[in-house]
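So the structure is just underneath, and the comments pick up after that.
This chain uses plain numbering: 1 for the first residue, then up along the sequence.
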Amino acid sequence: MEETFAKYINVNGELMDLSHPQVMGILNVTPDSFYADSRKQAEEDIINRVHQIIEEGGRIIDIGAYSSRSGAEDVSPEEEMQRLKHGLQVIRREFPDAIVSVDTFRADVARMCVEEYGTAIINDISAGDLDANMFSIVAKLKVPYIMMHMQGNPQNMQKNPHYQHPVKEIILYFAEKIEKLRAAGVKDLIIDPGFGFGKTLEHNYDILNKLEEFSIFQLPILVGVSRKSMIYKLLGGGPKNALNGTTAVHAIALMKGANLLRVHDVKAAVETVRIFNALQNQ
């Protein structure tokens, strides 16, 4: 797929060109995220995971302290902040130059992470729907904002997801959000169609098949499918057996315009991006 425009975001005062796809490595400082190998709470485990992400070619570390898997228990803002403080203190001390994104839908948590720990990007699974203050806080913080589409919330999103036309409805949703964010003064935006968040298996693959339609916004597109149920429910097994399927979906997503891959397995994703870039340069 040929790009006709550059997709830059301002990260800590420097431009990152996402028209050349990049990889974001997942760091979950949670006890209950769906993929057990992603859970890192001890200081040594956090250090090892961040080192692994950087060594394997990940450009961004995405830290999350609230499990958003389907049916996960709610976590209080205080507990989420304590988990993030622990993880961010370790990262800032050991990897001061790392680009860190925080996965949170709470404005106060986002503000703390940026103001106290220098977090560079806010990654919100609810696009402001779960905290009315998020857009104004992001505008004030002047950091890139990743907004994801989710039908419902993590506790109920998979109970009965329904759409007439999934892609059209999500595009309309983003159009409204982008208008509000621009009016608030937010400049750097990334959109995430939200694979697995309030979608059936059929919805997910319909979105993947039409992913290029999201390029209408001329904004970077994030794809987060790493080891998710949309892969292992189709192929059998569980998250541990879903790496090959993940790689295949990543390849399709890149060909259809994805600019940022949010992943558990950084090395495999970076290799997929390199192959994609080599083909683009032919």
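Considering only heavy atoms from C-beta on, I122 comes within 4.5 Å of V114 through its side chain. Side chains of V225 and H250 form a contact here, defined as non-hydrogen atoms less than 4.5 Å apart. Using a 4.5 Å heavy-atom threshold, the side chains of I191 and M147 count as touching. At a threshold of 4.5 Å between non-hydrogen side-chain atoms, the residues Y66 and D74 count as touching. Residues M16 and R59 form a side-chain contact, since some pair of their non-hydrogen atoms from C-beta on lies under 4.5 Å apart. Using a 4.5 Å heavy-atom cutoff, the side chains of Y205 and K210 are not in contact. Counting heavy atoms from C-beta on, the side chains of H162 and Q151 come closer than 4.5 Å. Considering only heavy atoms from C-beta on, I221 stays 4.5 Å or farther from D192 through its side chain.
Aromatic rings from Y163 and H203 are positioned such that their centres are separated by under 6.0 Å.
The two residues L15 and N10 come nearest to each other via the heavy atoms CD2-CA, 4.2 Å. In terms of heavy-atom proximity, L84 sits nearest to C113 at CD1-SG, 3.8 Å. Residue P144 comes nearest to V11 through the heavy atom pair CG-CG2, 4.3 Å, listed as atom of the first residue, atom of the second, then distance. Taking all atoms of both residues into account, the shortest heavy-atom contact from S126 to F105 is OG-CB, 3.7 Å. Residues A253 and L211 come closest through the heavy atom pair O-CD2, 3.7 Å. Between G118 and R92, the closest heavy-atom pair is N-NH1, 4.2 Å.
When atom types are taken as modelled, the side chain of N281 and the backbone of N277 share a donor-acceptor pair closer than 3.5 angstrom. A donor-acceptor contact shorter than 3.5 Å is absent between the side chain of T246 and the backbone of S226. Side chain of K233 to main chain of L201: no donor-acceptor pair is present (N/O by atom type, distance under 3.5 Å, no hydrogens or angles). No donor-acceptor pair closer than 3.5 Å links the side chain of E79 to the backbone N or O of V75. In this structure, Q22 contributes its side chain and H20 its backbone to a donor-acceptor pair below 3.5 Å.
A donor-acceptor contact closer than 3.5 angstrom links the side chains of D129 and Y173. Counting only N and O atoms by type, the side chains of N204 and K199 include no donor and acceptor under 3.5 Å apart. T30 and N28 share no donor-acceptor pair across their side chains, judged by distance under 3.5 Å alone. For the residue pair Y145/D124, the side-chain donor-acceptor check at 3.5 Å is satisfied.
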- Task: Would you sort out whether R93 and E43 count as a salt bridge (Lys or Arg N to Asp or Glu O under 4.0 Å), showing the intermediate values?
- Result: CA-CA 11 Å; R93 185 186 73 231; E43 182 172 315; 2.6 Å; yes
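Checked for salt-bridge contact, R106 and D131 miss the test: no charged N lies under 4.0 Å from a carboxylate O. A salt bridge does not link K85 with E80: none of the charged nitrogens is closer than 4.0 Å to a carboxylate oxygen. Salt bridge annotation for E176-K180: absent, with no cationic side-chain nitrogen under 4.0 angstrom from a carboxylate oxygen. Comment: R49 does not engage D45 in a salt bridge, judged by the lack of any side-chain N to carboxylate O separation of less than 4.0 angstrom. The pair R182-D188 does not meet the salt-bridge criterion, since no charged nitrogen lies less than 4.0 angstrom from a carboxylate oxygen. Salt bridge present: R227 and D265 bring a charged side-chain N and a carboxylate O closer than 4.0 Å.
Hydrophobic clustering (side-chain heavy atoms under 4.5 Å, transitive across Ile, Leu, Val, Met, Phe, Trp, Tyr) keeps Y8 apart from V143. Put simply, M230 and L234 are part of the same group of oily side chains (I, L, V, M, F, W, Y) that touch within less than 4.5 Å, one to the next. No chain of hydrophobic side-chain contacts below 4.5 Å, direct or via other Ile, Leu, Val, Met, Phe, Trp or Tyr residues, connects L172 to L189.
Here the straight-line distance linking atom CG of N259 with atom CZ of F214 works out to 13.0 Å at 0.5 Å rounding. Interatomic distance, CG of L254 versus CD1 of I275, reported as 10.5 Å (0.5 Å rounding). Here CG of D108 is found 5.0 Å from CE of M81. Values are rounded to the nearest 0.5 Å. Separating the CD1 atom in I9 from the CD1 atom in I146 is a distance of 7.0 Å, to the nearest 0.5 Å. Note that CG of L88 is 10.5 Å distant from CD1 of I61, once rounded to the nearest 0.5 Å. Here Y232 contributes atom OH and L243 contributes atom CG; the two are 15.0 Å apart, rounded to the nearest 0.5 Å.
The local environment of CG in N241 is crowded, with over 12 non-hydrogen atoms from other residues, nucleotides or ligands closer than 6.0 Å. The environment of Y117 atom OH is dense: over 12 non-hydrogen atoms of other residues, nucleotides or ligands sit within 6.0 angstrom.
Using bins of under 30°, 30° to 60° and over 60° for the plane-to-plane angle, the ring pair F174/F217 lands in the perpendicular bin.
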